[in-house]
S.K.: 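First the structure, which I've put down as structure tokens, then a few questions once you've had a look.
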Amino acid sequence: MSVILSTKANCKNCYKCVRVCPVKAIKFEDNQAEVLPQECIFCGACVLNCPQQAKTVANQLDKVRRMIREGQKVVASVAPSFPGSLFSHQPMKLPTALRALGFYQARETADGAARVSDAYVELAADGKMDNIITTCCPSVNDLIEKYHPTLVDAMAPVISPMVAHARAIKKELGPEVKVVFIGPCIAKMEEAEDVRHLDAVNAVLTFADIIGWLKEAKIDVDHLEESPFDGVQPGMARMYPTAAGILENVRLRGINPKYHMLHVEGAQSCEELLQALEAGQLHDCFIEMNMCEGACMGGPMTGNVKHERFKGQLAVQALADGAQVKVPEISDKVPMFKQFVNRAKKDAIPDAETIRSILRSMGKECKMDELNCGSCGYPSCRAKAIAVYQGKADPSMCMPYMFQSAQSFSNVVMENTPNLILLVDEELKIKEMNKAASQVFGMSRIEALNHYIFELIEADDFQTVLNNYETIRDKKVSYPAYNMTASMTLVYIPSQRAVMAILRDITAEEERESREYKLKLDTVEMAQKVISKQMVAAQEIASLLGETTAETKSTLTRLKNMIINDGEGKK
């Protein structure tokens, strides 16, 4: 499981995690950011800078509590930066507080730092290494092993103070003892799982974890007594978490004068120094490297805001100055060697034509279109295209392109719709007007922005929508001044506190309906005339038919009688 976890529901595609990640170990899938553990250096920049708190750190608090509940001897190894986070005014209350939480002992990791300093001095004594890079910072170690593997041979083959201290504790108290490191560093969690020293540290907690645990346990720190840490006093090794603290310790021990002392802090400075080393610009340097600004005092899980590291540094200095022995003698030796290796992940690199094709999909048709603005988190459009090819990024992450696309689509709609569209603010001032409205009202968009809606048309309905926040749909309105009848829809937009008006010109429809209605009336009138004429004709025909029938009957009767009478006469 990764040390840094992603809460997908919170991720809002702001890409800030990519922007702050020094190695771009972030993958976007289904519009959600996910940390890539094999590529991550666990500096914690994404955790600190995520505005939605979508990045969290795996918590081992339950694991530590369980060990304590089970009655195991759990020893706290406290990083020397603790006065900057815990009880800065009375730092020696911390051992008492840790014992109150159930720890068997509370010891200072600076004891391990003193051992590391001795190992560095011994390493530098023969002068065989050209440059020596300190290996106390696990994020720096990851940066070199994963991204600058040609410099692995320049890394001091020495374990970190955390591992050295854990080994020393188990050598003294027995291998069954559980060692819990407590510090400001996320990368220490990953380092504790390193197979090269997997048996040393049993769990890692942060200062933030301890602060929360004390509150949950309702331990009133103000009423605690001060007490010393268990184990030996580490002397000036307490200065390890400050900028150049390692250099100060090796100087006190008398490091080989062949080496020039150099220290850097912060991801960008570390990257630039490594590039200088790769370019062969530096020789005979003993280099202290810290990924965090302010060294460990600026660690991501101090529980403090960043500017408090300066006050914390003074507290660390005061504690170190109070040490009775500046450089303690270490008699119980533990294995200090660590082999660093090439752990670089070889991602496929697309050819030039593939990059060009991906750039085109992001609207980058030519070199001029490559803004290299960094809004997506990548240093250049080409770097982003490579990330797309590798499945880490999506073309839609290009904000200028998406904005341009959205704006272009919006402009097409606004400019080509036959409907009149206006935006009116709560003071009834016109904030936007499209081309169709501009033509009807006889003024340009720029001119319209200096007018109120009531200067153009009746504004009562607009005021009603602003007052009631309710939409008016398809209301027929007439504007004789513009020879127009329209179907009006007014929509309230809460985010703008404005009303959007959509006026559909139905003048032609109204005229057509009027013509059709008149045609119907004319048709009915004509039909009535025809019916009336038909009725008269029918009546006249009926009258004529009546007279003709009577005459026919009379004639036929006479004819019949004549025939009958003639017959009688012959008889």
Side-chain angles (χ1 to χ4, degrees), residues 1-7 10 35 37 40 42-44 46-48 50 53-87 91 93-109 112 138-139 160-163 165-166 169-170 173 176-194 197-221 224 229-230 241 292 296 299-305:
M1 183 178 69
S2 175
V3 169
I4 299 176
L5 308 175
S6 298
T7 306
N10 291 353
V35 175
C40 183
F42 306 100
C43 63
C46 60
V47 177
L48 285 177
C50 179
Q53 297 182 329
K55 298 289 180 293
T56 57
V57 180
N59 191 296
Q60 299 184 17
L61 200 52
D62 288 340
K63 178 181 179 181
V64 175
R65 286 169 168 164
R66 184 173 63 253
M67 291 189 296
I68 292 174
R69 282 198 308 269
E70 291 172 351
Q72 301 185 61
K73 292 182 178 179
V74 183
V75 177
S77 173
V78 184
S81 56
F82 76 89
S85 298
L86 303 168
F87 322 138
K93 284 187 174 184
L94 179 59
T96 309
L98 292 174
R99 294 186 190 104
L101 291 173
F103 284 96
Y104 173 65
Q105 286 188 1
R107 298 194 175 206
E108 294 183 78
T109 313
S139 288
S160 70
M162 176 185 77
V163 177
H165 192 221
I169 291 172
K170 291 190 174 185
L173 301 178
E176 73 281 357
V177 168
K178 304 298 182 183
V179 177
V180 176
F181 175 77
I182 301 171
C185 184
I186 293 173
K188 287 296 184 184
M189 297 182 186
E190 187 71 13
E191 183 189 8
E193 299 295 324
D194 193 326
H197 38 69
L198 189 58
D199 60 341
V201 180
N202 299 99
V204 174
L205 297 180
T206 67
F207 290 146
D209 290 333
I210 295 300
I211 292 170
W213 191 0
L214 289 170
K215 288 181 180 178
E216 185 180 334
K218 297 181 179 179
I219 294 175
D220 189 350
V221 176
L224 295 178
F229 282 96
D230 298 290
C292 296
C296 297
M301 302 304 290
T302 61
N304 296 331
V305 293

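Being a predicted model, the structure only gives us computed values, none of them experimental.
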S.K.: With the side chain counted from C-beta on, respond yes when Arg107 and Val75 share a heavy-atom pair under 4.5 Å apart, and no when they do not.
M.R.: yes
S.K.: Can you find a pair of side-chain heavy atoms, one from Pro300 and one from Cys43, that are under 4.5 Å apart?
M.R.: no
S.K.: Tell me if a side-chain donor or acceptor on Lys178 pairs with a main-chain N or O of Gln72 at a distance below 3.5 Å.
M.R.: no
S.K.: Whether the side chain of Lys93 engages the backbone of Val221 through a donor-acceptor N/O pair (distance < 3.5 Å, no angle test) should be reported.
M.R.: yes
S.K.: Strictly distance-based, threshold 3.5 Å: is any side-chain N or O of Lys188 a donor or acceptor partner for the main-chain N or O of Thr206?
M.R.: no
S.K.: Decide yes or no on side chain to side chain contact (heavy atoms under 4.5 Å, CB included) for Glu193 and Met189, but give the supporting numbers first.
M.R.: CA-CA 7 Å; Glu193 299 295 324; Met189 297 182 186; over 6 Å; no
S.K.: Considering only NZ, NE, NH1 and NH2 on the basic side and carboxylate oxygens on the acidic side, decide whether Arg99 and Asp230 come within less than 4.0 Å.
M.R.: yes
S.K.: Are Pro184 and Phe82 packed together at the side-chain level, in the sense that at least one heavy-atom pair is separated by less than 4.5 angstrom?
M.R.: no
S.K.: Rounded to the nearest 0.5 Å, what separation is found between the CD1 atom of Ile4 and the CD1 atom of Ile186?
M.R.: 5.0 Å
S.K.: So, applying side chain to side chain contact (heavy atoms under 4.5 Å, CB included) with Val74, which one of Met67, Gln105, Arg65 is it?
M.R.: Met67
S.K.: Given side chains that start at C-beta, do those of Cys185 and Met301 come closer than 4.5 Å, heavy atoms only?
M.R.: no
S.K.: Would the distance check show the side chain of Ser77 and the main-chain N or O of Val180 forming a donor-acceptor pair, the cut-off being under 3.5 Å?
M.R.: no
S.K.: Do Asn202 and Lys170 touch side chain to side chain, with heavy atoms closer than 4.5 Å?
M.R.: yes
S.K.: To check you understand the geometry: which heavy-atom pair defines the closest contact between Ala79 and Gly183, and what is its length?
M.R.: CB-CA, 3.8 Å
S.K.: Spell out, as yes or no, whether a donor-acceptor pair under 3.5 Å connects the side chain of Glu191 to the backbone of Pro138.
M.R.: no
S.K.: Where do Gly299 and Thr302 come nearest, in terms of heavy atoms and distance?
M.R.: O-CG2, 3.2 Å
S.K.: Could you check Phe181 against Leu205 for side chain to side chain contact (heavy atoms under 4.5 Å, CB included), going step by step and ending with a plain yes or no?
M.R.: CA-CA 6 Å; Phe181 175 77; Leu205 297 180; over 6 Å; no
S.K.: Walk me through it: do Val163 and Asp194 pass the test side chain to side chain contact (heavy atoms under 4.5 Å, CB included)?
M.R.: CA-CA 10 Å; Val163 177; Asp194 193 326; over 6 Å; no
S.K.: Could you go step by step and tell me if Val57 and Leu5 meet the side chain to side chain contact (heavy atoms under 4.5 Å, CB included) rule?
M.R.: CA-CA 6 Å; Val57 180; Leu5 308 175; over 6 Å; no
S.K.: Would you name the heavy atoms of Gln60 and Ala203 that are closest together and state the gap between them?
M.R.: OE1-CA, 3.2 Å
S.K.: Is His165 close to Thr109 at the side-chain level, that is, under 4.5 Å between some pair of heavy atoms?
M.R.: yes
S.K.: Side chains of Thr7 and Gln53: donor-acceptor distance under 3.5 Å anywhere?
M.R.: no
S.K.: For a quick test of reading the model, state the closest non-hydrogen atom pair linking Ile68 to Gly102 and the distance between them.
M.R.: CG2-O, 3.7 Å
S.K.: Using modelled atom types only, decide if a donor and an acceptor are shared between the side chain of His197 and the backbone of Ala192 within a distance under 3.5 Å.
M.R.: no
S.K.: Do Phe103 and Val64 have side chains that get closer than 4.5 Å, going by heavy atoms?
M.R.: yes
S.K.: Any idea which heavy atoms bring Ser85 and Phe207 closest together, and the distance?
M.R.: OG-CD1, 3.5 Å
S.K.: Could you tell me the separation between the CG atom of Leu61 and the CD1 atom of Ile210, rounded to the nearest 0.5 Å?
M.R.: 7.0 Å
S.K.: Please round to the nearest 0.5 Å and tell me the distance separating atom CH2 of Trp213 and atom CG of Asn59.
M.R.: 10.5 Å
S.K.: I'd like to check Thr56 versus Val47 (side-chain heavy atoms, cut-off strictly below 4.5 Å). Are they in contact?
M.R.: no
